[in-house]
Chemist: 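This structure is in structure tokens; I'll ask about it shortly.
Quick caveat: nothing in here was measured; it's all calculated off a predicted structure.
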Amino acid sequence: MPSLFPLVMIMGAVDAFARTIVTITRNPKLLLIPLVISIILSPISAYLVNEMPMFEGIPELQEGDNESIIFEEHGAFSEEMLNELADFFKLLMVFMVVSLLLQALSEYAVIKGALIAEEGREYSLVDLIYEGIMHVFHVFLVVLIVGIVSFAIILVPIFVFGLLFLVSGGNPAFVLLIFLVELPLALLVVGAGSMAVPIYVLNNSIVASLRCFSLAFKNKLSTVAFGALLTLSIFFLLAVPASFVGLLFLGRTDFMANLIANLLQAPFQALIQTLTAVGGLMLYLELSKKEKEELLELEF
């Protein structure tokens with residue numbers, strides 16, 4: 001029986017992922033909110049890509065013989081170029097914040113819709129959007145906090161093994177150890193992070209959302225397996241549109257090409273957002289059910 005334990009744990013992740021696919025298939029209108037948001041953001045994203053400073057004609061860097069002297073006297077970039085770069089990054093930061101807020105709204109709405117669907121009740125997209133707006137800043141904060149904690153968790157083994165690598169005089173074994181530790185840890189963090197917002201939606205508590213990490217570490221195999229399934233799915237959903245969009249607009253960098261490329265990718269981005277949101281919910285429900293069953297077994 002103990003030898004079957006890892007398989008049982010992995011099957012829990014597979015069941016959660018299968019439930020995710022079934023829920024999305026039965027409720028395709030859950031895709032509409034992230035799809036609309038992706039379409040809204042497409043022209044802004046295309047504009048930013050089109051306006052990205054390229055600095056192609058820097059005369060100082062084309063000289064060769066006098067490069068070091070010119071760099072000392074005038075700098076690698078002119079004041080105009082630096083101002084242009086600063087303005088671009090200001091726009092980029094505003095776009096990123098707006099994008100994250102809209103995605104937070106979408107994630108809350110999708111999870112709430114999936115929960116209502118699980119109960120067999122009907123839901124209105126307008127009501128889901130309204131609830132998403134009411135909780136958007138809380139979800140944004142949850143994502144931010146969980147992101148910082150996840151980054152810290154991933155950084156710890158890199159720091160430890162990196163230090164040992166330096167102390168050992170560059171022993172390549174520590175580079176291999178970093179890879180062997182980081183890969184499952186990254187997948188664990190992906191699985192854990194996907195549960196954070198669903199926990200917030202169910203408990204209406206930012207503090208409660210951090211329980212995703214303790215639940216993930218208690219169910220490491222299930223969370224890593226789910227993280228792997230989710231990561232592979234996201235990679236596939238990103239690779240498919242990237243391949244045909246790249247061939248379609250090969251060599252073109254104008255606004256219209258970027259806009260059409262973004263619009264073609266919007267359905268895939270909506271599917272990724274829905275898959276992550278509903279998947280995190282299903283994983284949490286699966287692990288919570290398992291936790292309750294274990295408690296009942298202890299009581300009897």
Side-chain angles (χ1 to χ4, degrees), residues 6 9-10 12-14 16-17 20 89 92-93 96-97 99-101 103-104 106-107 111 138-201 205-239 242 269 272-284 286-288 291:
M9 296 297 289
I10 291 171
V14 173
F17 196 78
T20 302
F89 274 110
L92 183 63
M93 288 301 295
M96 285 177 66
V97 171
S99 176
L100 287 171
L101 286 171
Q103 285 172 16
S106 170
E107 190 169 3
I111 293 166
H138 297 85
V139 175
F140 178 81
L141 195 56
V142 167
V143 172
L144 185 64
I145 293 169
V146 169
I148 292 169
V149 175
S150 299
F151 181 73
I153 291 171
I154 290 173
L155 204 61
V156 169
I158 293 176
F159 176 77
V160 172
F161 287 117
L163 193 62
L164 290 171
F165 176 78
L166 292 173
V167 170
S168 66
N171 190 335
F174 288 111
V175 177
L176 180 61
L177 278 172
I178 289 174
F179 177 77
L180 291 174
V181 171
E182 279 298 313
L183 181 60
L185 189 61
L187 295 175
L188 182 78
V189 165
V190 168
S194 70
M195 293 189 287
V197 178
I199 293 173
Y200 168 76
V201 175
S205 167
I206 293 173
V207 175
S209 67
L210 294 175
R211 184 171 175 265
C212 66
F213 293 107
S214 62
L215 195 60
F217 278 102
K218 283 179 187 174
N219 301 273
K220 290 181 279 293
L221 284 174
S222 292
T223 310
V224 169
F226 184 84
L229 289 169
L230 190 60
T231 303
L232 286 171
S233 301
I234 291 171
F235 176 78
F236 178 75
L237 289 169
L238 287 173
Q269 291 170 357
I272 287 170
Q273 291 171 25
T274 307
L275 189 70
T276 304
V278 178
L281 173 65
M282 295 307 165
L283 179 63
Y284 175 69
E286 186 70 29
L287 297 184
S288 297
E291 200 172 50

Chemist: To the nearest 0.5 Å, what is the distance between CG on Leu155 and OG on Ser150?
Modeler: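 Leu155 CG to Ser150 OG: 12.0 Å, rounded to 0.5 Å.
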
Chemist: Which heavy-atom pair separates Leu283 from Ser194 by the least distance, and what is that distance?
Modeler: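 Heavy atoms only, the tightest pair is CD2-OG, 4.4 Å.
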
Chemist: Any donor-acceptor pair under 3.5 Å linking the side chain of Lys220 with the backbone of Phe217?
Modeler: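 Answer holds: yes.
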
Chemist: I'd like to know whether Arg211 forms a side chain to side chain contact (heavy atoms under 4.5 Å, CB included) with Tyr284, so could you lay out the CA-CA distance, the side-chain angles of the two residues, the decisive distance to 0.1 Å, and finally the verdict.
Modeler: CA-CA 10 Å; Arg211 184 171 175 265; Tyr284 175 69; 3.4 Å; yes

Chemist: Check residues 226-234 and write down every donor-acceptor pair under 3.5 Å in which the side-chain atom is one partner and the other belongs to a residue at least two apart or another chain.
Modeler:
residue, atom, partner, partner atom, Å
Thr231, OG1, Gly227, O, 2.7
Ser233, OG, Leu229, O, 2.8

Chemist: Nearest 0.5 Å please: distance from the CD1 atom of Ile145 over to the CZ atom of Phe140.
Modeler: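 Going from the CD1 atom of Ile145 to the CZ atom of Phe140 covers 10.5 Å.
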
Chemist: Looking only at non-hydrogen atoms, find the nearest pair between Ile153 and Leu185 and report the distance.
Modeler: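 Smallest heavy-atom distance, with atoms named: O-CD2, 3.5 Å.
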
Chemist: How many angstroms lie between CG in Leu183 and CD1 in Ile178, if you round to the nearest 0.5 Å?
Modeler: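 Answer for the CG-CD1 pair, Leu183 versus Ile178, is 13.5 Å.
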
Chemist: Can you see which heavy atom on Gly193 is nearest to which on Val146, and at what distance?
Modeler: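 Between these two residues, the closest heavy atoms are CA-CG1, 4.0 Å.
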
Chemist: First locate atom OG of Ser288, then atom CG of Leu281, and finally report the distance between them rounded to the nearest 0.5 Å.
Modeler: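 So the OG of Ser288 and the CG of Leu281 are separated by 9.5 Å.
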
Chemist: Would you name the heavy atoms of Met195 and Gly280 that are closest together and state the gap between them?
Modeler: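 Closest approach of Met195 to Gly280: CG-O, 3.5 Å.
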
Chemist: Go through Leu275 and Leu237 one step at a time and tell me if the side chain to side chain contact (heavy atoms under 4.5 Å, CB included) criterion holds.
Modeler: CA-CA 10 Å; Leu275 189 70; Leu237 289 169; 4.2 Å; yes

Chemist: For Glu286 and Ala16, which heavy atoms make the closest approach, and how far apart are they?
Modeler: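 So the two residues come closest at CB-CB, 4.2 Å.
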
Chemist: Rounded to the nearest 0.5 Å, how far does CE of Met282 lie from CD1 of Ile111?
Modeler: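 That separation rounds to 10.0 Å.
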
Chemist: For the pair His138 and Tyr200, evaluate side chain to side chain contact (heavy atoms under 4.5 Å, CB included) and give the outcome as yes or no after the intermediate values.
Modeler: CA-CA 9 Å; His138 297 85; Tyr200 168 76; 3.1 Å; yes

Chemist: Do the side chains of Leu287 and Thr223 get nearer than 4.5 Å, heavy atoms only?
Modeler: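 Yes. Closest side-chain heavy atoms under 4.5 Å.
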
Chemist: Return the set of residues passing side-chain hydrogen bond (donor to acceptor under 3.5 Å, both in side chains) with Ser99 (not counting sequence neighbours), or none when no residue passes.
Modeler: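 With neighbours one apart ignored, the set is Gln103.
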
Chemist: Using every non-hydrogen atom in the two residues, find where Cys212 and Ala192 come nearest and quote the distance to one decimal.
Modeler: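 Minimum heavy-atom contact is CB-O, 3.2 Å.
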
Chemist: Sequence neighbours excluded, which residues qualify as side chain to side chain contact (heavy atoms under 4.5 Å, CB included) partners of Val224?
Modeler: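 With neighbours one apart ignored, the set is Leu187, Leu188.
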
Chemist: Verify, without hydrogens or angle tests, whether Ser222 (side chain) and Asn219 (backbone) share a donor-acceptor contact under 3.5 angstrom.
Modeler: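 Looks like no, no N/O pair under 3.5 Å.
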
Chemist: Can you find a pair of side-chain heavy atoms, one from Val197 and one from Ser209, that are under 4.5 Å apart?
Modeler: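 With C-beta onward as the side chain, the pair stays apart.
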
Chemist: Nearest 0.5 Å please: distance from the CZ atom of Phe89 over to the CE atom of Met96.
Modeler: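 The CE atom of Met96 is 10.5 Å from CZ of Phe89, to the nearest 0.5 Å.
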
